[in-house]
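Single-structure report; data block below.
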Amino acid sequence: MALGKGSRADARRTSSSFRSTTTIVVFVALCLVGIWMMTSSTVTPLGMSPPSSKSNAKGQVSETDSKDNSDNIAEDLEKSVQKTREENPVKGNEDTKDESEDTTKSVTYRDGNGKADKEKVREGGDANLEADTGSLADGEGKNMEQKSDEQDNNSEPNSKEAENNEQQGINSEKKSEEEEKSDGDKTQDEKDKGQIEQKVEQNEGKETGQKSGDNNAGNQDQGSNEVFPSGAQSELLNETNTQNGAWSTQAAESKNEKEVQASASSRGQTVGYNWRLCNVTAGADYIPCLDNVEAIRKLRSTKHYEHRERHCPEEAPTCLVLLPNGYRRPVDWPKSREKIWYSNAPHTKLAVFKGHQNWVKVSGEYLTFPGGGTQFKHGALHYIDVIQQSMPDIAWGKRSRVVLDVGCGVASFGGYLFDRDVLTMSFAPKDEHEAQVQFALERGIPAVLAVMGTKRLPYPSRVFDVVHCARCRVPWHIEGGKLLLELNRLLRPGGYFVWSATPVYQKLPEDAEIWKAMSALTKSMCWKMVTKTKDTFNRVGLAIFRKPSDNKCYKKRMENNPPLCQESDDPDAAWNVPLQACMHKLPIDPNVRGSQWPEQWPLRLEKAPYWLNSSQVGVYGKPAPKDFEADYEHWKRVVSKSYVNGIGINWSHVRNVMDMRSVYGGFAAALRDMKVWVMNIVSIDSPDTLPIIYERGLFGMYHDWCESFSTYPRTYDLLHADHLLSKLKKRCELLPVIAEVDRILRPEGKLIVRDNAETINEIENMAKSLHWEIRMTYLKDHEGLLCVQKTIWRPKEQEARASSVS
């Protein structure tokens, strides 16, 4: 028995010794493997060259090849994005707890100076990142640890050491494989929150002669090529050398440009911002330039509606407008034309006073719009058809494409003209018709706040095909017809003025007197009344007048009243220019704008206007017609291959769009097939290309972004700023501008900024301070693209004192 016990003890010792020996052998073997792997990984493949060198190499390749291959590049980018979307749908904005559910991976780049930069890309296909290998190695390390425990619990320290070495070896092996696959320019930085974010930074002056043949790396190059096309399109993106070309600026024309202000914003540094709620009586409907109570109180007269005009505060506000209680994402178009959430625009006065005219009604949690108006109680479409039946030459959606609706109410006229392929600029003042323009915009119908008072409207001359007024309550006939003469300035030669009002069809003494005065005034202006009819269904009448196409009638007038304007008077000057009771001569040169009617829609959208000629220098330095074409091709490519699919925008929720710095309207034209409309803004210090935008069947207005825009808060789904902000900060601070962007952008709305890298970083910092979601950041060759999404976040603190406005 004793011998048996000793044998069993010797067996245990032998077994333990054998296990220890095995463990040591395994450990030594793993160490040797790890050392070999680490040594082999020190051989730098192409992908491990300095990021700046690789970036420059990619830039060189794209610069030489993109001109011939831009279409293929765009298609590959689109396919890559689509594949990624299918394999890894975006999770939203919440952090995922399980790393396996993370749809994006973060990559850090470091330049030669050791500066870290990061790129976030969708995970999918062969784009395996070092982050993935880290988690994989970690998992395999745990498995090895379990196996070592099974072999010998007493060798746990050695086993862990072996595990670490093996994990390091696996990391090195995986890393080496990935570097060979994807150029080796990716390392993990942080988890993404279900967003698409790319950030690439390059250093100039570094060269490389190497080029990767890997398809995945090629896709990345294609993506950057698409966002920033090089070669033929490069001059459209780098606007540091742009010029005014053949067009003067609106500021120069109007002689009202603000003095250049020193930019107080920091450059390229992270800055903290202390946002507060606006302390104003207007609350959630605050419009700084229209709610300036202090300025309105100082007005000497309000006879000409001066109190409804713009009176901007001396210092642009930097506060944030609060949200209405219960605010919701707006109803999508086209359902929004019929109903909107009451909580988004909680006003009922119009429903009380205009409900019988089918303007608006309250229905549960909605405000509903039956499509009626004062002059078309039974629906706008019937009224629209009556107009064309009365004057077939109007030809909605063909000859007549761009319409101005004066005193629009809730803009049902413009809202239903969409069904006739007509774009309508509707405007009305902020007056006792509570929130009428706010209702229009919430419905997804274009509208702005404006009044026919003492100043010209912010539009160029001779651009509207039709001007419409249905009981717009404007006294056209008084003071020499000054207000009607402003419409004459805006109406295209040969265009129509449609007037539907009680003086047309009622015989009351006041109406008869107004009709007599209007008849005399329009005759003296050489407007010809082409028809006067009555709509028996709506029981209203309308008169249609036609503006002359030449100066023959002006010369035949017995009396020069209204007088012709001085030759020195610029009809296109429209920014803070006082109204004048005079008429401008019409152009007689066949090569001058206004001498011919534009091409029919939609041909006019794509064809350069007849009055652009090769002797004129375009904004980008090419002959004007070539400039126009290059701009259109550029934006078609960017929109179709990048904006539509590449930056995570759900276009079904986008209706109201603003191009904050439009040139030729190419961005808006590229969105033609989308169910959106675009307000094109031409800054007063930019080349005055707004007439070109109108000529192609689009619309817009002049504006100075150092001031607040004339719209209600939360009225746009998407704002687009192409090389605007870097130019703007030479005249005014960016902080109030971003506060204004926050004011007019809806929660969940997007801001797309294309600008230099310094400005992109500055705007990104501000967006983060506003708790906005950074959807995409992309930097290359000192140029950048930023896409951010506004959230419902509002600060809790309010301004210390009530503002002088509202």
Side-chain angles (χ1 to χ4, degrees), residues 283-285 323-385 405 407-428 430 433-449 470 538 650-658 674-679 711-718 744-749 790 792:
D285 294 334
L323 295 177
N325 292 329
Y327 182 87
R328 306 185 185 186
R329 182 174 60 79
V331 177
D332 291 335
W333 180 267
K335 292 182 179 179
S336 60
R337 186 166 62 177
E338 280 72 45
K339 64 180 182 179
I340 64 173
W341 296 112
Y342 168 78
S343 58
N344 289 8
H347 304 289
T348 58
K349 183 182 290 186
L350 270 181
V352 173
F353 289 102
K354 295 290 185 177
H356 66 289
Q357 295 175 352
N358 285 330
W359 279 37
V360 56
K361 297 179 182 293
V362 180
S363 179
E365 58 185 358
Y366 293 102
L367 292 171
T368 61
F369 300 86
T374 304
Q375 297 299 98
F376 40 91
K377 300 177 184 179
H378 301 293
L381 273 178
H382 172 78
Y383 173 76
I384 289 168
D385 290 339
D405 188 16
C408 62
V410 295
S412 289
F413 178 71
Y416 283 92
L417 272 174
F418 277 115
D419 292 357
R420 300 294 181 262
D421 218 0
V422 174
L423 200 56
T424 307
M425 175 72 73
S426 302
F427 78 89
K430 186 180 183 182
H433 281 173
E434 184 184 47
Q436 54 185 334
V437 168
Q438 186 179 27
F439 287 160
L441 288 160
E442 187 72 16
R443 297 173 69 190
I445 302 172
V448 294
L449 287 159
N538 283 303
N650 185 345
W651 286 92
S652 66
H653 297 330
V654 177
R655 173 62 181 172
N656 303 356
V657 179
M658 178 186 287
M674 309 287 284
K675 299 298 183 182
V676 303
W677 57 267
V678 182
M679 179 68 74
T711 189
Y712 280 90
R714 306 169 303 279
T715 49
Y716 284 87
D717 302 299
L718 175 64
I744 65 180
L745 192 62
R746 289 169 170 169
E748 298 186 21
K790 179 180 174 179
I792 62 172

d(W341 CH2, L367 CG) to nearest 0.5 Å is 11.5 Å
The reported gap from OG1 in T711 to CG in L441 (rounded to nearest 0.5 angstrom) is 4.5 Å
Taken in chain and number order and not counting sequence neighbours, the residues that satisfy side-chain contact (heavy atoms from CB on, under 4.5 Å) with P713 are I287, V321, R743
For F369, does the six-membered ring have the charged nitrogen or CZ of R337 within the cation-pi criterion, i.e. under 6.0 angstrom from the centroid and within 45° of the normal? no
With sequence neighbours left out, the residues meeting ring-ring contact (aromatic ring centres under 6.0 Å, His included) with Y712 are none
Applying ring-ring contact (aromatic ring centres under 6.0 Å, His included) to H347 and not counting sequence neighbours gives none
Applying side-chain hydrogen bond (donor to acceptor under 3.5 Å, both in side chains) to Q436 and not counting sequence neighbours gives D431
Sorted by chain and number, sequence neighbours left out, side-chain hydrogen bond (donor to acceptor under 3.5 Å, both in side chains) with K430 holds for D291
Salt bridge (Lys or Arg N to Asp or Glu O under 4.0 Å) with D717: of K675, K790, R746, only one passes, and it is R746
A411 and R443 have their tightest heavy-atom pair at C-NH1, 4.3 Å
Shortest non-hydrogen pair, G379 vs N538, comes out as O-ND2, 4.4 Å
side-chain hydrogen bond (donor to acceptor under 3.5 Å, both in side chains) filter on R329, not counting sequence neighbours, yields D332, H653
Between D285 and Q438, do the side chains contain a donor N or O and an acceptor N or O under 3.5 Å apart? yes
The reported gap from CD1 in I792 to OH in Y327 (rounded to nearest 0.5 angstrom) is 11.0 Å
Check your understanding: How far apart are the C-alpha atoms of L417 and I384, what are their side-chain angles, what is the distance that settles it, and do they pass the side chain to side chain contact (heavy atoms under 4.5 Å, CB included) test?
Key -> CA-CA 7 Å; L417 272 174; I384 289 168; 3.7 Å; yes
Residue set satisfying side-chain hydrogen bond (donor to acceptor under 3.5 Å, both in side chains) with S336, at least two apart, ordered chain then number -> none
By side-chain contact (heavy atoms from CB on, under 4.5 Å), K349 pairs with (sequence neighbours left out) F353, E434
Contacts of F418 meeting side-chain contact (heavy atoms from CB on, under 4.5 Å) (sequence neighbours excluded), chain-then-number -> W333, L423, P446, R655, W677
On a heavy-atom basis, the closest approach of N344 and P324 is O-CG, 4.0 Å
Salt bridge (Lys or Arg N to Asp or Glu O under 4.0 Å) filter on E365, not counting sequence neighbours, yields R328
Value for CZ (R714) from CD1 (I744), rounded to nearest 0.5 Å, stands at 12.0 Å
With sequence neighbours left out, the residues meeting side-chain contact (heavy atoms from CB on, under 4.5 Å) with T368 are K339, K361, S363, Y366
To the nearest 0.5 Å, atom CD1 of I445 lies from atom SG of C408 at 9.0 Å
Taking every heavy atom of V448 against every heavy atom of V437, the minimum-distance pair comes out as O-CG2, 3.8 Å
* To do: For atom CG of N650, decide whether the heavy atoms of other residues, nucleotides or ligands shown that lie under 6.0 angstrom number more than 12.
  => yes
Taken in chain and number order and not counting sequence neighbours, the residues that satisfy salt bridge (Lys or Arg N to Asp or Glu O under 4.0 Å) with D405 are none
